Participant: 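The structure that follows is given in the form of structure tokens.
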Amino acid sequence: RLTETLQTAFKKLRGKGLLNEKAVDEGLREIRRALLDADVNFKVAKKFTDNIRERAVGEEVMKSLTPGQQLIKIVRDELVHLLGDTAVEPNVEKGRMNQFLLLGLQGSGKTTACAKLALNYKKDGYRPLLVPLDVYRPAAIKQLEVVGSQAGVDVFKIEEGGIPLEIMRQAYQFAKDKGYSLVIYDTAGRTTVDDEMMNEVIGLRKELQFEEVFLVIDSMTGQDAVTTATKFNESVGITGCILTKLDGDARGGAALSVRDVTGVPIIFASVGEGLKQLEPFHPDRMAGRILG
Amino acid sequence: AAARKGVDDSFYDEIQQVLIETDMGYEVAEEVLKMLRREVGARGADDTAEACDLLVEVIGRTLSSPVKTLVPDVSSPNKPVVILMTGVNGSGKTTVCGKLAKRYRLLGLKVLIVASDTFRAAAIDQLKIWAERAEVDFQGAKEGADPSSVVYDGLSRAKSEGHDIVIIDTAGRLQNKVNLMNELGKIRRTVDKQIEPDAIQSLLVIDSTTGQNAITQAEVFGEVAKLDGIILTKLDGTARGGIVLAIKQRMGLPVLEVGVGETINDLVPFDAAEYSRSLLG
Ligand SMILES: Nc1nc2c(ncn2[C@@H]2O[C@H](COP(=O)(O)OP(=O)(O)OP(=O)(O)O)[C@@H](O)[C@H]2O)c(=O)[nH]1
Ligand SMILES: Nc1nc2c(ncn2[C@@H]2O[C@H](COP(=O)(O)OP(=O)(O)OP(=O)(O)O)[C@@H](O)[C@H]2O)c(=O)[nH]1
Ligand SMILES: [Mg+2]
Ligand SMILES: [Mg+2]
């Protein structure tokens, strides 16, 4: 465990009266290694330890009886801060028609997340409508219809093989006419190097006013979290993230990477396959998890 | 890699970053760097271009394996051969089943796809469409049916109808879910009871965007499903899938196939040399 590793390392050096900047730098290297093991991106991890170095070589660590613990405390506080400090409320209000657009890589958990969000807000008194815009994946529309019915919410009816932009326009009009207060659009998974698919989602994003554009990210994502998040944010523009499969045992360093490179808050945590298993994202819980 | 430049510490630092960014992890990257330093010393490589070629060689050697995806011997009476597809949620299992099924059909084999994911919304519908696209037989199930009984029924059908190969799709599951790993263990035992050990190939499907957690996946899935190899998917994206190097180093488990897209033809046999070139490219 990181705390023990650092305590042992510092004890060895302090014993020789040698707790100094060199020792702290070794501690920071251990911390960088721990962050890399937790899937934090290489550049993000380096930037992180560089940023805390000043505090790390300050009195609170050097003069402490437990310098390892002190260093961990600095790391933990900085992680919590970088992850957003506190849970964030999404941009949803009663009295208007709110719209969410969900996008992300293949298999990240978007379709399931759409239904979870719908159930969550139905409980808060909203009237959600799910809109299937994935016309590619076999049985994707059926999947959204099934989870929509499990959540007890309406799913916009479309035929197979439509065009996402046209479906979006029809669904928007339908939602307005019928007075839905939350419209959630599910899109197909896509890779960021597929120009055609990226152009599609850019077109969808530009078409309407969205209260939230959520990037759905799998919590077991490794170094690629930076590339993917950057590309989606720069090309499409996202307003929030949903981190999925947190009921697994991945450390989830991707959370730090995504937040660091986009500045966008992680708003929800998906913690299971069930539709009830959606929670607000808690920076302090995530920091503890990343540190292992 | 840079043009004619000395193989110095700054070069090794650069390479360390490149290796870690492929997702092979800090420890394995250190091991690879050690191997590289040895090779550079042994071959007297004095410029970075040459060192980079050596790096590709080192990684290619580490990844290479004689193991291939099972192809049934149609002359053998030992029918059917079974491929068991396992992996965490969303990794690409169902899609791989469709891709493999078509490949086997094109070889003239009689294929049965078995839908043992009776849990997830529209999972059976999704796999059924892939079976239709691959033009192979399909063993469906009722939603909520016991996965092992579906497998049992599928294998009995394959034996009586003379299928050469059965491809079993399973539900996505996270390796820390004890009940789901027990369920997978039961599926494996169901196959073991009906099929000879060397007629079974158990595969772990890993998304190439996965980080260090894939090592735990390989370990735990290995315990219950007795894995023979890995299928690495979504390599057409930006991720490198370097975690497979860590898995090969730690557990000896080889990559057999690579998914490079979402259409039925987007599956290619793993080529260690080609992959290690692209890893560093
Ligand atoms: N354990 C767990 N599984 C999840 C979670 N969220 C989604 N899943 C599962 O992950 C798999 C993929 O979910 P989908 O909702 O189909 O993902 P998607 O992003 O819509 O996939 P594409 O449309 O193909 O890009 C399914 O098996 C889901 O049940 C979660 O928080 N925990
Ligand atoms: N780009 C790309 N997408 C892929 C590849 N393989 C699978 N996919 C996509 O990944 C998503 C998930 O694929 P599935 O086959 O449903 O994955 P799964 O493992 O069966 O998912 P669960 O059964 O829910 O656990 C789908 O959108 C697929 O089209 C690949 O090699 N490249
Ligand atoms: Mg989907
Ligand atoms: Mg599946």
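Letters go in sequence order (proteins before strands), and every chain restarts at 1. Since we're looking at a predicted model, the values are computed, not measured. Quick note: numbers below take in every heavy atom, side chains included, and nothing from hydrogens, waters or symmetry partners.
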Participant: Where does B:Gln217 contact chain A at under 4.5 Å (heavy atoms): side chain, backbone, both or neither?
Facilitator: side chain
Participant: What is the distance from atom CG of A:Asp247 to atom CG of B:Asn89, rounded to the nearest 0.5 Å?
Facilitator: 8.0 Å
Participant: What's the spacing between B:Asp23 CG and A:Asn41 CG if we round to 0.5 Å?
Facilitator: 9.0 Å
Participant: With a 4.5 angstrom heavy-atom cut-off, could you sort out which part of A:Arg251 is near chain B: side chain, backbone, both or neither?
Facilitator: neither
Participant: Short question: side chain of A:Lys142, backbone of B:Asp125 - any donor-acceptor pair under 3.5 Å?
Facilitator: no
Participant: For B:Arg240, which atoms come within 4.5 Å of any heavy atom of chain A: side chain, backbone, both, or neither?
Facilitator: neither
Participant: Side chains of A:Asp249 and B:Gln175: is there a donor and an acceptor less than 3.5 Å apart?
Facilitator: yes
Participant: When only pairs under 4.5 Å are counted, which of A:Val226, A:Val193, A:Leu105 shares the most heavy-atom pairs with chain B?
Facilitator: A:Val193
Participant: Let's test your reading of the structure: which of B:Asp207, B:Leu174, B:Asn176 forms the most heavy-atom pairs below 4.5 Å with chain A?
Facilitator: B:Asn176
Participant: So for A:Glu273, is it side chain, backbone, both, or neither that comes closer than 4.5 Å to the heavy atoms of chain B?
Facilitator: side chain
Participant: Between A:Thr221 and chain B, which part of the residue has a heavy atom less than 4.5 Å away: side chain, backbone, both or neither?
Facilitator: both
Participant: Heavy-atom count check: over 12 atoms from other residues, nucleotides or ligands less than 6.0 Å from B:Lys177 NZ?
Facilitator: yes
Participant: For B:Asp236, is it the side chain, the backbone, both, or neither that has a heavy atom closer than 4.5 Å to a heavy atom of chain A?
Facilitator: both
Participant: Minimum heavy-atom separation for B:Ala122 to A:Ala139, with atom names?
Facilitator: CB-O, 3.8 Å
Participant: Check each atom of B:Thr216 against the heavy atoms of chain A and say whether the ones under 4.5 Å are side chain, backbone, both or neither.
Facilitator: side chain
Participant: Which one, B:Glu262, B:Gln16, B:Lys128, leads in non-hydrogen pairs under 4.5 Å with chain A?
Facilitator: B:Glu262
Participant: Looking at B:Gln212, B:Arg120, B:Gln17, B:Glu27, which one has more heavy-atom pairs under 4.5 Å with chain A than the rest?
Facilitator: B:Gln17
Participant: About how many Å separate OG1 of B:Thr210 and CG of A:Asp39, when rounded to the nearest 0.5 Å?
Facilitator: 9.0 Å
Participant: I'd like to know if the side chain of A:Asp37 reaches the main chain of B:Tyr26, judged simply by a donor and an acceptor atom lying under 3.5 Å from each other, with no hydrogens or angles considered.
Facilitator: no
Participant: Looking at B:Gly172, B:Gly90, B:Ser208, which has the largest count of heavy-atom pairs under 4.5 Å with chain A?
Facilitator: B:Gly90
Participant: If you count every heavy atom of other residues, nucleotides or ligands that lies below 6.0 Å from A:Ile163 atom CD1, does the total exceed 12?
Facilitator: no
Participant: What are the two closest non-hydrogen atoms of A:Gln223 and B:Ile20, and how far apart are they?
Facilitator: CG-O, 3.3 Å
Participant: If I take atom CG from residue B:Leu19 and atom CZ from residue A:Phe42, how far apart are they, to the nearest 0.5 angstrom?
Facilitator: 10.0 Å
Participant: Do the side-chain N and O atoms of B:Thr209 and A:Asp224 include a donor-acceptor pair separated by under 3.5 angstrom?
Facilitator: no
Participant: So which part of A:Leu144 gets closer than 4.5 Å to some heavy atom of chain B, the side chain, the backbone, both or neither?
Facilitator: neither
Participant: Would the number of heavy atoms belonging to other residues, nucleotides or ligands and lying under 6.0 Å from NZ of A:Lys231 be above 12?
Facilitator: yes
Participant: If you take all heavy atoms of A:Pro138 and B:Ile129, which pair is closest and at what distance?
Facilitator: CB-CG2, 3.8 Å
Participant: Select one option (side chain, backbone, both, neither) describing which atoms of A:Asp194 are under 4.5 Å from chain B's heavy atoms.
Facilitator: neither
